[in-house]
Amino acid sequence: MKRRLRELLSEVLPPEDLACVYNSYDIIGDIAVVRLTPASEKYNRAIAEAVMSVHKNVKTVLAQKGPVHGDFRLRKLEWVAGEDKTIVVHKECGCAFSVDVAECYFSPRLMCERMRIAGQVESGEVLVNMFAGVGCFSIIVAKHSGVLKAYSIDVSPVAFQFMRENIRKNGAYGKVIPLLGDAKQVIEGRLTHVADRVLMPLPGKAFEYLPFALLALKKSGGWIHYYDFEYVSKNESPVGRVMSKVVKRLQLLDVDLAVQLGRIVRTTGPNWCQVVLDIRVNSSSR
Ligand SMILES: C[S@@+](CC[C@H](N)C(=O)[O-])C[C@H]1O[C@@H](n2cnc3c(N)ncnc32)[C@H](O)[C@@H]1O
């Protein structure tokens, strides 16, 4: 059971320093990833010990050094305590995922979202996952739905290798098809008009790639799950802002659509959140 870090450290750190400690952390397999600030850095060992005292299975504590960046969506990590390693097996929703947390994007915070998508996939559907990472969404969909094929694209050679390993590990061979390359090029080259459902789990780039999601969808239409980051303000809903931007863009592309659901998936920083839209495309002229 995860406990708030400040609560765990309340008897170790002076009260005035407690406020600079990030409360949340991630557990990925037996690796804990904590977030240090310049002010809390000097307490890195105490923070690691606090986490390890609650999570007896944790063998390694790493610290995030800066935000997620670059095309591969990586984050610089620094060893703090325990075994010096970054490769781990994470179990989620009846699946096991090998991942190098220093070389591939992975967030355990998307577990509910992955299951939510799996719950919508109908038997016999073809899925295109444009930004598949180490394969979590696709493999969970393969495990928990009657999906026929889940084409899973990633541009990172390291993520691609882990995705292949995870497909084998989870017996999803033949159902989840790993494809290495830029989603635009892979779709244009071999996935035009094949999909009942397209996943776009790359907030920040999904908007630019919308025309290629449409190209992947069957001519009769289907679903697009669109992810984005949005600023949270008092006056306007972040979901509403993403919705109006995306609907405008799709209408300009001559798409007949309905947004069936929009929701906040998680908060990603002070005043920022990740939003998902489930978009029903009835037809498109692309
Ligand atoms: C946020 S991660 C996706 C995580 C994954 N869906 C999961 O649940 O673990 C985004 C992924 O998109 C990949 N990526 C970035 N640009 C890409 C592109 N142009 N085409 C295909 N994949 C891309 C990155 O390498 C990264 O693995």
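Every number for a ligand or one of its atoms is a count from 1 in the order of the listing.
Residue Arg114 places at least one N or O, backbone or side chain, under 3.5 Å from an N or O of ligand 1. Considering backbone and side-chain atoms alike, Val134 places every N or O at 3.5 Å or more from each N or O of ligand 1. For a threshold of 3.5 Å applied to N or O pairs, the pair formed by Arg73 and ligand 1 contains no separation below that value. When only interatomic distances are considered, the shortest N/O to N/O separation between Phe131 and ligand 1 falls below 3.5 Å.
Exactly one of Lys245, Arg263, Arg249 qualifies for a salt bridge (charged side-chain N to carboxylate O under 4.0 Å, His left out) with Asp228. That residue is Lys245.
At most 12 non-hydrogen atoms from other residues, nucleotides or ligands lie less than 6.0 angstrom from NZ of Lys143. Surrounding CD of Glu11 are at most 12 heavy atoms belonging to other residues, nucleotides or ligands under 6.0 Å away.
A donor atom on one side chain and an acceptor atom on the other are not found under 3.5 Å apart for Arg73 and Tyr105. With no hydrogens or angles considered, a side-chain donor-acceptor pair links Asp278 and Gln120 at under 3.5 Å.
Scanning the protein for heavy atoms near atom 17 (C) of ligand 1, the closest one is Val155 CG1, 3.5 Å. Atom 2 (S) of ligand 1 has as its closest protein heavy atom Tyr105 CD2, 3.5 Å. When only non-hydrogen protein atoms are considered, atom 16 (N) of ligand 1 lies nearest to Lys205 NZ, 3.4 Å. At the top of the distance list for atom 20 (N) of ligand 1, counting protein heavy atoms only, stands Ala183 N, 2.9 Å. The nearest protein atom to atom 15 (C) of ligand 1, hydrogens excluded, is given as Asp71 O, 2.9 Å; this is a heavy-atom distance. Taking atom 1 (C) of ligand 1 as the reference point, the nearest protein heavy-atom neighbour is Pro201 O, 3.4 Å. Protein heavy atom in closest approach to atom 27 (O) of ligand 1: Asp154 OD2, 2.7 Å. Atom 19 (N) of ligand 1 has Tyr209 OH, 2.9 Å as its closest protein atom, hydrogens excluded (heavy atom only).
Using cut-offs of 30° and 60° on the angle between ring planes, the pair Tyr227 and Phe137 is tilted. Ring geometry for Tyr209 versus Phe212: interplanar angle of 30 to 60°, hence tilted.
Across Leu74 and Cys104, no two heavy atoms sit closer than the pair CD2-N, 3.4 Å.
Atoms of ligand 1 lying under 4.0 Å from at least one heavy atom of Gly181, given by number and element, are 20 (N), 21 (C). Below 4.0 Å from some heavy atom of Gly133 lie the following atoms of ligand 1, by number and element: 27 (O).
Listed by chain and number, the residues in a side chain to side chain contact (heavy atoms under 4.5 Å, CB included) with Ala216 are Val128, Ile187, Val198 (sequence neighbours excluded).
At a heavy-atom cutoff of 4.0 Å, ligand 1 is contacted by no atom of Pro203, backbone or side chain. Neither the backbone nor the side chain of Phe106 comes within 4.0 Å of ligand 1, counting heavy atoms alone.
Taking the ring centroids of His55 and Tyr25, they lie under the 6.0 Å cut-off.
When Glu92, Met130, Glu113 are ranked by how near their heavy atoms come to atom 21 (C) of ligand 1, first place goes to Met130.
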**OP:** Could you walk me through whether Lys205 and Glu208 pass the salt bridge (charged side-chain N to carboxylate O under 4.0 Å, His left out) test, one step at a time?
**Re:** CA-CA 6 Å; Lys205 224 179 207 181; Glu208 177 196 335; 5.9 Å; no

